[in-house]
2 protein chains.
Amino acid sequence: MTETRSRLRADAQRNVEGIRQAALDVFRLGGLNTPLDEVARAAGVSKGTIYHRFGGRQGLIDAVVTDLVAEYISGIMTSVEAITDPVERFESYLRKIWLLQYDEPASNDVLLRALPGSEPLTTLCEHASEFAGRLLGEAQATGRIRDDLTPDDLYLLIWERGIIARACDQQPRDGYQRRFEYTLSGLRTPSVASV
Amino acid sequence: MTETRSRLRADAQRNVEGIRQAALDVFRLGGLNTPLDEVARAAGVSKGTIYHRFGGRQGLIDAVVTDLVAEYISGIMTSVEAITDPVERFESYLRKIWLLQYDEPASNDVLLRALPGSEPLTTLCEHASEFAGRLLGEAQATGRIRDDLTPDDLYLLIWERGIIARACDQQPRDGYQRRFEYTLSGLRTPSVASV
DNA sequence: TCTTTACTTGACTCCATAGTCAAGAAATAT
DNA sequence: ATATTTCTTGACTATGGAGTCAAGTAAAGA
């Protein structure tokens, strides 16, 4: 009855779904800047249709980014929650985020981006920031993590890692990992007897 | 007499000099990927002339890169040589290289090794690598720098920093500096009593 | 079935950059 | 002063991606 409001035509509906799916696949692999033609090709549709249905890259990202990213990030948060030692919990969080940035270009883009659109994503990011801030505070309370480290530093350390991950294309994963461990260990309170 | 061999015409000579100068200025400011049209404009010459005289970007870079970069790098090496404490010397070297990467986009491009050509530059880079390796070894001999750190790690830490510096455009210098200190401190031997 | 309306298409424009080249301009040689 | 040679130019092609739209196609409604 009243449900007929603004219903898409059958083919349009099919296409919207196809495009969403294609965008998920393509973005997952290549990040959020992959040319839209590739998405179109993957969806078996012309580029025009994407613009028509989603209004361009930003719209498409908005339509897809939550499915693409949210569960990774909240997954990390909950998985880390289980760790009891505050320092270990904090470090584990950072490690997982940093690996996510390497493994998932799209998630990395989200973590890097201004991403002005997409309200739920903004919420998620803020949530994650608060979470990270809390972990940091708790870890610092043990005295084993430097207390000159601010939540802002944390954000920027993640930003830097993202920039690196983006450029790492060819670099092997374990080298990336090996190197971020150095930074991680630099966040611990230095031993007192330093020259 | 025999000196007349392969002499450029007066205007050509003037242009070559003008272009070199312009390239120095423009590359210094914007790095080695600045559009050649900008160099041409700065030299008051058409793009075609640059291609004609230098054979393209690579040729132009070759003609300019030594003046643009060599003295910075060798300057750092000699200035650091004066420091007596091996650890301080090693760390000071890294700090200076990392700041150079922030301050001088062109030097950064060179350190990132976009440049297969240019023999003297390659030599310089190898020289610097050996130098850094030596500093590392000496610093490790004190026991105060982690001994699992390899010269290769060092190279990649510089590479990573360069990637960051490139993206840092808007970021303030002191934040950049602040953050690389964390990594630096992560290179020191950790205190024994860990967890 | 035919009409109406919603949808899709691909060819088009636009932008920024790399790189080329025929024709005109300028220096040099005589 | 003219012929010769060397240079320079700017308009041209090519690339790769964003974004648009008139015209054609297909679904829905009668």
Side-chain angles (χ1 to χ4, degrees), chain A residues 1-23 26-27 29-64 105-106 109 113-114 116-117 166 169, chain B residues 1-23 26-27 29-64 105-106 109 114-117 166 169:
Chain A
M1 333 237 113
T2 51
E3 221 207 84
T4 326
R5 207 68 298 275
S6 88
R7 191 67 152 294
L8 289 181
R9 223 172 70 176
D11 52 350
Q13 223 166 325
R14 235 180 297 124
N15 283 335
V16 166
E17 243 331 287
I19 292 170
R20 258 185 52 83
Q21 199 49 57
V26 169
F27 284 164
L29 215 76
L32 302 178
N33 296 308
T34 314
L36 290 192
D37 305 65
E38 253 173 71
V39 178
R41 191 153 11 93
V45 128
S46 111
K47 188 173 37 157
T49 303
I50 295 183
Y51 280 93
H52 198 353
R53 288 283 150 237
F54 295 90
R57 154 162 282 117
Q58 192 53 55
L60 183 55
I61 290 176
D62 286 353
V64 128
D109 287 340
R113 248 304 145 119
R166 237 185 215 176
D169 254 5
Chain B
M1 334 232 110
T2 52
E3 221 208 81
T4 326
R5 207 66 300 273
S6 90
R7 189 70 151 294
L8 288 181
R9 225 173 68 176
D11 51 350
Q13 225 167 322
R14 234 182 299 125
N15 282 336
V16 167
E17 244 331 287
I19 292 169
R20 258 185 52 83
Q21 199 48 56
V26 169
F27 284 164
L29 215 76
L32 302 178
N33 297 309
T34 315
L36 289 192
D37 306 64
E38 253 173 71
V39 178
R41 191 151 14 90
V45 128
S46 114
K47 185 174 40 157
T49 304
I50 295 183
Y51 280 94
H52 198 350
R53 289 284 149 236
F54 296 90
R57 155 165 281 118
Q58 192 54 56
L60 184 55
I61 290 176
D62 286 354
V64 129
D109 287 340
L115 311 192
R166 238 185 214 175
D169 256 3

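Keep in mind that this is a model prediction, so the values were computed, not measured. To find a chain, count down the sequence lines: A is the first, B the second, and so on, and within it residues start at 1.
Taking both residues in full, the closest heavy atoms of N33(A) and R166(A) are given as ND2-NH2, 4.4 Å, listed atom of the first, atom of the second, then distance. Here the closest heavy-atom approach between residue V39(B) and residue A22(B) is recorded as O-CB, 3.7 Å. Of all the heavy atoms in L29(A) and P105(A), the pair that sits closest is O-CG, 3.6 Å. Contact between A23(A) and V64(A) at its shortest, heavy atoms only, is CB-CG2, 4.0 Å.
Distance CZ (R14(B)) to P (dA26(C)): 11 Å, rounded to an integer number of Å. Atom CD1 in I19(A) sits roughly 12 Å away from atom C1' in dT9(C) (whole-Å rounding). L36(A) has its CG atom 9 Å from the C1' atom of dG17(D), to the nearest Å. Remark: C1' of dT9(C) and CG of D11(A) are 13 Å apart, rounded to the nearest angstrom. Distance, N15(A) CG to dT25(D) C1': 13 Å, rounded to whole Å. For the pair Q58(B) CD and dA18(C) P, the interatomic distance rounds to 13 Å; values are reported in whole Å. Following rounding to the nearest Å, L60(A) (CG) and dA18(D) (C1') show an atom-to-atom distance of 14 Å. For the pair Q13(A) CD and dA6(C) P, the computed distance is 15 Å after rounding to whole Å.
The side-chain heavy atoms of D109(B) and F27(B), taken from C-beta on, include no pair separated by under 4.5 Å.
Heavy-atom distances to DNA chain C give each of N33(B) and A12(A) a nearest nucleotide, and the one nearer the 5′ end belongs to A12(A). Remark on DNA chain D: of its neighbouring residues Y51(A) and V16(B), the 5'-side contact belongs to V16(B), judged by nearest-heavy-atom nucleotide.
The backbone N or O of A63(A) lies less than 3.5 Å from a partner atom in the side chain of R20(A), making a donor-acceptor pair. R57(A) places a side-chain N or O within donor-acceptor distance of the main-chain N or O of L32(A), the cut-off being under 3.5 Å.
Near DNA chain C, defined here as any heavy-atom distance below 4.0 Å, the residues from residues 43-50 of chain A are V45(A), S46(A), G48(A), T49(A), listed numerically.
Close to dT8(C), at under 4.0 Å from its OP1 or OP2, lies a side-chain N or O of R53(A).
Residue side chain R9(A) reaches the base of dA26(D) through a donor-acceptor N/O pair under 3.5 Å, judged by distance alone.
When the nucleotides dT28(C), dT8(D), dT17(C) are ranked by their closest atom to the side chain of A10(B), dT28(C) comes out on top.
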